[in-house]
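A short write-up of the structure that comes next.
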2 protein chains.
Amino acid sequence: MVTIKDVAKLAGVAISTASNALNGKYGVKESTKKKVLEAAERLNYVPNPIAQGLVNNSTKTISLIVSGPSSYKFITNPAFFEMMKAITEVVNKRGYQVLLNLLTEEEEVQGIPRIAHSRLSDALILIGSRRGDEELTEILTKVPIPSLVVIREPPHDSIASVSWDNLRCGYMATKYLIEMGHRTIGMIGNIPGLKMTEERVRGYMLALQEAGIAYDEALVVEGDYYQDSGLVGIRKLLNQASKRPTAVFTGNDVMALGAMEGLEQEGIRIPEDISLIGCDNIPNLHLLKTPLTTISNPLSEMGRLAARKILGILEGDDELPQHVIVESELRIRSSVKRLGPM
Amino acid sequence: MVTIKDVAKLAGVAISTASNALNGKYGVKESTKKKVLEAAERLNYVPNPIAQGLVNNSTKTISLIVSGPSSYKFITNPAFFEMMKAITEVVNKRGYQVLLNLLTEEEEVQGIPRIAHSRLSDALILIGSRRGDEELTEILTKVPIPSLVVIREPPHDSIASVSWDNLRCGYMATKYLIEMGHRTIGMIGNIPGLKMTEERVRGYMLALQEAGIAYDEALVVEGDYYQDSGLVGIRKLLNQASKRPTAVFTGNDVMALGAMEGLEQEGIRIPEDISLIGCDNIPNLHLLKTPLTTISNPLSEMGRLAARKILGILEGDDELPQHVIVESELRIRSSVKRLGPM
DNA sequence: CTGAAAGCGCTTACAG
DNA sequence: CTGAAAGCGCTTACAG
């Protein structure tokens, strides 16, 4: 292990001078700077970031906290993977490292502060946390480093966020269904108390209202945004709704996949018997048995923005708004059937 | 930020005593140990791992290096995601952190040593590197920390690995195709010089040979194990083979997805016109237009083993063999059609 | 412009 | 059993 001592010795200068030269500080004669740099080069010197971190109180790493429900194995959303990749790419390019942390919902309360206090990272990016706004705000405002939430609505105005417009997602999806002639429309993916989902429901209701369709709460069922809950949700919708929906909006694609499984088991065809629309546009939806129509969210773009935002906060050159909103768009495939006028 | 100084002061002992008590070293009176622990508790003390790392020359983190071809955006294999999750879970549970590094193929040569020399992590796990054996061995043996490769064959006996039996994968897939009556069988996914793929080709040839089917090299085309190459590969197979194959084995599922796209574009049906078998068993294959028959590899299991293996090396309690091989099995769905006797 | 010293938060011999 | 000292590899005032 070659240290700054070695390069100082080889260059024939003091350690502090070597440090100044290496870090491009002002007030180092050109010739000595050159000597130091050459010595470093020759010795293949790489500064020890741990030592730097100790004195700078910064580690140039960012913790990516990905939350899942009760077990990591349920973290199966490819949308998360897309964002993780984009974040890592941008952050690495700017000389930062990404620390990957997986947390179950229960672990969040202890885990987020633990990670933040560990001093192992300079900032936190939270992906997929469903914790209630007050509670999450409570956790994040107590934490000694900047944090950013992704996908969900910001739990509090003081906490930076990168997300899409959840209300608009619900609205666009539902509106499209209505345009295609549907009037009994189900929705899977309500989590009471979680704004992200409430907004999607509100968007759904708004579209209904605009079209003069009465809201029927039996048509909106819970869903935790993991695949299984799509399966459970579609069953509920099929059994308990007073009127079977002709179309269903699932809050995300992964739940649509679950719904597809449930429908398949019941021998109900998509879109012949029931139409389906998702949200996210995860990869390879076009290869499904019934290619899924969905609201396309720019997942990589969001990851990149999240990285830029947190880096901006850290380096003091933040030019992004506190809450970045990203554009979604309808992606038509073939899981929604056109219904004739009633 | 509360430091060990604070807890020492509150407990009324010296810093070194506090340290010994906190670390459960022998030779600390029960009563003073209790005092220290209580003080730590009361102050909510969390040791600074950076400072510990500096003196212990260890950071309790492991670098996960995920390689992709020329751009990170091609790292789309859900199999990688599955393994990353499993590795992170096990490693976190044992008090280690995971540092996520994305590298393009070109960056590997510089990047792997850079990451290893950075002293930011105690060990390296490589996922998805296609670099030739000699070159990778050269890189990894020079590196100052332990490393482990996953999925691919070990580039050298001295380098730990966790993988499945690639020859057997190729053999099982091809044998099943033969049992289903196919005799003109294509394969996508040869990378000359990369043992992992050569083994799969050898398995393919072995099954052919056992069945007395002549090997036709026009039926084996290159593929880089990313989705696009499946599309390119199937086109090549369709156009250049003297005889169009009735079935194709793609080296992994993601290339099978690509092949499906190509076939769809040409209006060729699966399995009616051509049969397809993949390898990996990534999630949600049962929901595809034609549910893909594949060789199922225990991806999470592999991730867990990789984590255990590297932790074992680091902590000196390694009970796993240097090269861990994991069992694969045939997973029959409906992408392979039974052919009548010729 | 350069170097000696202090200090980041911890652990590890070692003296008492 | 306890504490003063040295040291991990670096950076940052500060004196010269």
Side-chain angles (χ1 to χ4, degrees), chain A residues 1-40 43-61 95 97 116-122 144-145, chain B residues 1-40 43-61 95 97 116-122 144-145:
Chain A
M1 190 74 271
V2 14
T3 74
I4 196 171
K5 231 178 185 167
D6 301 314
V7 349
K9 191 192 279 175
L10 181 62
V13 299
I15 293 178
S16 52
T17 304
S19 172
N20 284 329
L22 255 10
N23 292 313
K25 291 270 156 76
Y26 286 106
V28 180
K29 218 203 295 174
E30 262 316 308
S31 59
T32 70
K33 182 172 177 178
K34 204 173 145 224
K35 268 194 301 182
V36 172
L37 262 24
E38 276 173 10
L43 294 173
N44 234 311
Y45 170 69
V46 183
N48 182 332
I50 295 296
Q52 291 180 314
L54 189 58
V55 6
N56 294 332
N57 201 20
S58 138
T59 56
K60 293 262 181 189
T61 91
Q97 303 286 320
H117 281 283
S118 80
R119 297 271 154 209
L120 232 30
S121 53
D122 297 344
I145 55 180
Chain B
M1 189 76 269
V2 15
T3 73
I4 196 171
K5 231 179 187 165
D6 302 314
V7 349
K9 189 191 279 175
L10 181 60
V13 299
I15 294 178
S16 51
T17 304
S19 172
N20 284 329
L22 255 8
N23 293 312
K25 290 270 156 76
Y26 285 106
V28 180
K29 217 203 296 175
E30 264 314 311
S31 60
T32 70
K33 184 171 177 181
K34 206 174 143 223
K35 268 195 300 183
V36 172
L37 261 24
E38 276 174 10
L43 294 173
N44 234 310
Y45 169 69
V46 184
N48 182 332
I50 296 297
Q52 292 179 314
L54 189 58
V55 4
N56 295 333
N57 202 21
S58 139
T59 56
K60 294 266 182 184
T61 91
Q97 302 286 319
H117 282 281
S118 79
R119 297 272 154 207
L120 232 30
S121 54
D122 296 344
I145 55 180

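Letters A, B, ... mirror the listed sequences (proteins, then strands); counts begin at 1.
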OP1 or OP2 of [N] versus the side-chain N and O atoms of [X]: is any pair under 4.0 Å?
X: Ser16(B); N: dA5(D); answer: no
X: Ser19(A); N: dC10(D); answer: no
X: Tyr45(A); N: dC10(D); answer: yes
X: Gln52(B); N: dT11(C); answer: yes
X: Asn20(A); N: dT12(D); answer: no
X: Asn56(A); N: dC10(D); answer: no
X: Lys25(B); N: dT12(C); answer: yes

| message | Please compare Ala51(B) and Glu30(B) by the position of their nearest nucleotide in DNA chain D and report the one closer to 5'. | response |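 Nearest-nucleotide comparison on DNA chain D picks Glu30(B).
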
| Which nucleotide in the list dC8(C), dT2(C), dC10(D) gets nearest to the side chain of Val28(A)? |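 Looking only at heavy atoms from C-beta outward on Val28(A), the closest nucleotide is dT2(C).
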
| request: Please work out if Ile50(B) contacts a base, only the sugar-phosphate, or nothing of the nucleic acid, heavy-atom cut-off 4.0 Å. | output: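 No contact.
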
| Thr17(A) near the nucleic acid: base, sugar-phosphate alone, or nothing, with a heavy-atom cut-off under 4.0 Å? |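 Contact class for Thr17(A): base.
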
| message | A side-chain contact here means heavy atoms from C-beta on lying under 4.5 Å apart; do Ser121(A) and Gln97(A) qualify? | response |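 Ser121(A) does not reach Gln97(A) side chain to side chain.
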
| query | Are any of the side-chain heavy atoms of Leu10(A) and Glu38(A) separated by less than 4.5 Å? | reply | no

| said: From CG of Leu54(B) over to P of dC8(C), roughly how many Å is that when rounded to an integer? | reply: 13 Å

